[in-house]
There are 2 protein chains.
Amino acid sequence: MAYRETEKMRLRKAEVRQRILSCAHQCVAEGGFRNAQINQVAEMAGVATGTVYRHFESKAELFAEVFRIATQREVDKVGEALAGDGSAPERLERALRQFAERALHGPVMAWALIAEPVDPQVEGERLTYRRAYAEYFEQAIGEGIGEGSLPAQDARLSATCLVGAIAESLVGPLSPTQQTPQQDRPDAFDDRQIKALVEPIIDFCLQGVTGQRRKLS
Amino acid sequence: MAYRETEKMRLRKAEVRQRILSCAHQCVAEGGFRNAQINQVAEMAGVATGTVYRHFESKAELFAEVFRIATQREVDKVGEALAGDGSAPERLERALRQFAERALHGPVMAWALIAEPVDPQVEGERLTYRRAYAEYFEQAIGEGIGEGSLPAQDARLSATCLVGAIAESLVGPLSPTQQTPQQDRPDAFDDRQIKALVEPIIDFCLQGVTGQRRKLS
């Protein structure tokens, strides 16, 4: 009699896979990709190491999946922030602020997603996702030019400039070398620190697309 | 009698090392880090593969050295461009233009240095060098604030925004996927293409630091 996977077994398998992914995500959020280990993930998920490998071919594949899911979530958030009400500069400001604030509230994960040196495979995915961010920004800039809230410009190049500016300016603050080594888990930034970092970055980015001095809020 | 390295032998060794590095540089400039192979480097340099390994412990070490030398040259060029005459915005414009034009004139090498997915070791070096670029820009922005040619701003954050904006906006144009695959060696961009890419990038970057619409030249 051929083996048949029942619906219950299928659901159970999907649930285990999801739990492994959640635990792997938590590992990365606590110590970056570099410190994330399969046996630690297995222990957290309450499964044998071999079970992890039944769901994911390799460590690289598991953490590439963690990377994709977490990055897609950030890309979606940027898309949502840009889709709301307001002029293009207002929507861009909202999206940039949200991206930066989310990163600074989860600095280890943000570092892992944005800049941690990783395998070339994950690095390749990074380039793909940065293109996805840029496409959202490009659309908003194009709308701004159309509605007259932004001056004529190469929307595609300005969009990639935005992506680069915000990612690179967060790399330093997010870098683990700037965090106190004696802490098991680096603190999130407090509100004052976040404001001191985010406002100048938004100044630069909005001025880049508007060509006007941003008014202090 | 103990073996003594004569001056002549020492020079000969240094010359071979330099030739290996030059050939490795040429390999990367033609096909990126991904396609660069030790045996190809050895053949070009006219030495045995074993000789390459007498000078460099591993393939990774050889190409990390190629990366460092080539990137340091670009960092130095930015430093020189910023050190010349003119107001801070003029000097920043000169440095940004030179960085972008040099990249577009040698697109394969520039892609390899800026964005090609590479080993985490080289990726780590990239972060270090991006800090070096940012320090040069930070100094110029600080001088601009001091002389009144730039408005008050967080010079350090604006500098990292500049580095990110120019690097990220070049990633698309430099990416091998945007180049025709049938060419053995991708063409450099022509003058018209370079202008169409560089001017919008400089617009964004200068507007970011000045808060004023850049006048068309």
Side-chain angles (χ1 to χ4, degrees), chain A residues 33-34 100 111 114-128 130-131 133-134 141 151-173 175 177 196-216, chain B residues 33-34 100 111 114-128 130-131 133-134 141 151-173 175 177 196-216:
Chain A
F33 287 107
R34 187 177 176 161
W111 163 256
I114 295 173
E116 185 185 355
V118 287
D119 288 338
Q121 186 196 340
V122 174
E123 189 58 40
E125 306 239 14
R126 251 188 207 144
L127 291 172
T128 308
R130 286 164 88 124
R131 189 77 231 118
Y133 285 117
I141 293 169
Q153 59 195 288
D154 184 318
R156 180 163 192 169
L157 282 173
S158 291
T160 53
C161 283
L162 281 182
V163 172
I166 192 146
E168 186 76 17
S169 57
L170 290 172
V171 163
S175 165
T177 59
L197 287 166
V198 171
E199 295 306 321
I201 296 172
I202 294 180
D203 283 346
F204 181 96
C205 288
L206 283 184
Q207 291 173 185
V209 290
T210 64
Q212 288 181 0
R213 186 96 175 113
R214 182 170 167 244
K215 290 178 192 68
L216 297 172
Chain B
F33 286 108
R34 186 177 177 161
W111 163 257
I114 295 173
E116 184 185 356
V118 287
D119 288 338
Q121 186 196 340
V122 174
E123 190 58 40
E125 305 238 15
R126 250 186 208 146
L127 292 173
T128 308
R130 286 164 88 123
R131 190 74 232 119
Y133 285 118
I141 294 169
Q153 60 196 288
D154 184 319
R156 181 164 190 167
L157 282 173
S158 292
T160 54
C161 283
L162 281 181
V163 172
I166 191 146
E168 188 75 17
S169 56
L170 289 172
V171 163
S175 165
T177 60
L197 289 166
V198 171
E199 294 306 321
I201 296 171
I202 294 180
D203 283 347
F204 181 96
C205 288
L206 283 184
Q207 289 173 186
V209 290
T210 65
Q212 287 181 0
R213 186 97 174 111
R214 182 169 166 244
K215 290 178 191 68
L216 297 173

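Just so we're on the same page: letters track the sequence lines, and every chain starts at 1. Keep in mind that this is a model prediction, so the values were computed, not measured.
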Worksheet item: Counting only heavy atoms not in Arg34(A), do more than 12 sit closer than 6.0 Å to its CZ atom?
Response: no

Worksheet item: Going through the distances and angles, do Glu123(A) and Glu123(B) end up as a side chain to side chain contact (heavy atoms under 4.5 Å, CB included)?
Response: CA-CA 9 Å; Glu123(A) 189 58 40; Glu123(B) 190 58 40; 3.9 Å; yes

Item to complete: Please name the pair of heavy atoms, one in Pro117(A) and one in Pro120(B), separated by the smallest distance, quoted to 0.1 Å.
Response: CB-O, 3.4 Å

Worksheet entry | From Thr160(A) atom OG1 to Ile201(B) atom CD1, the distance as rounded to the nearest 0.5 Å | 6.5 Å

Worksheet item: For chain A, which of Val122(B), Leu127(B), Asp119(B) has the most heavy-atom pairs under 4.5 Å?
Response: Leu127(B)

Worksheet item: Do you know which of Cys161(A), Ala167(A), Gly124(A) has the most heavy-atom pairs under 4.5 Å to chain B?
Response: Cys161(A)

Fill in: 4.5 Å side-chain heavy-atom contact, Leu157(A) and Phe204(B)
no

Discussion item. So for Val118(A), is it side chain, backbone, both, or neither that comes closer than 4.5 Å to the heavy atoms of chain B?
Written reply: backbone

Discussion item. With a 4.5 Å cut-off on side-chain heavy atoms, are Gln212(B) and Arg213(A) touching?
Written reply: no

Discussion item. I need the Asp154(A) CG to Glu199(B) CD distance, nearest 0.5 Å.
Written reply: 12.0 Å

Fill in: Region of Ala196(A) in contact with chain B, defined by heavy-atom distances below 4.5 Å
backbone

Fill in: Structural part of Leu197(A) lying under 4.5 Å from a heavy atom of chain B
both

Worksheet item: Which bit of Ile166(A) is near chain B, if near means a heavy-atom gap under 4.5 Å: side chain, backbone, both or neither?
Response: neither

Practice prompt. Using modelled atom types only, decide if a donor and an acceptor are shared between the side chain of Gln207(B) and the backbone of Gly208(A) within a distance under 3.5 Å.
Written response: yes

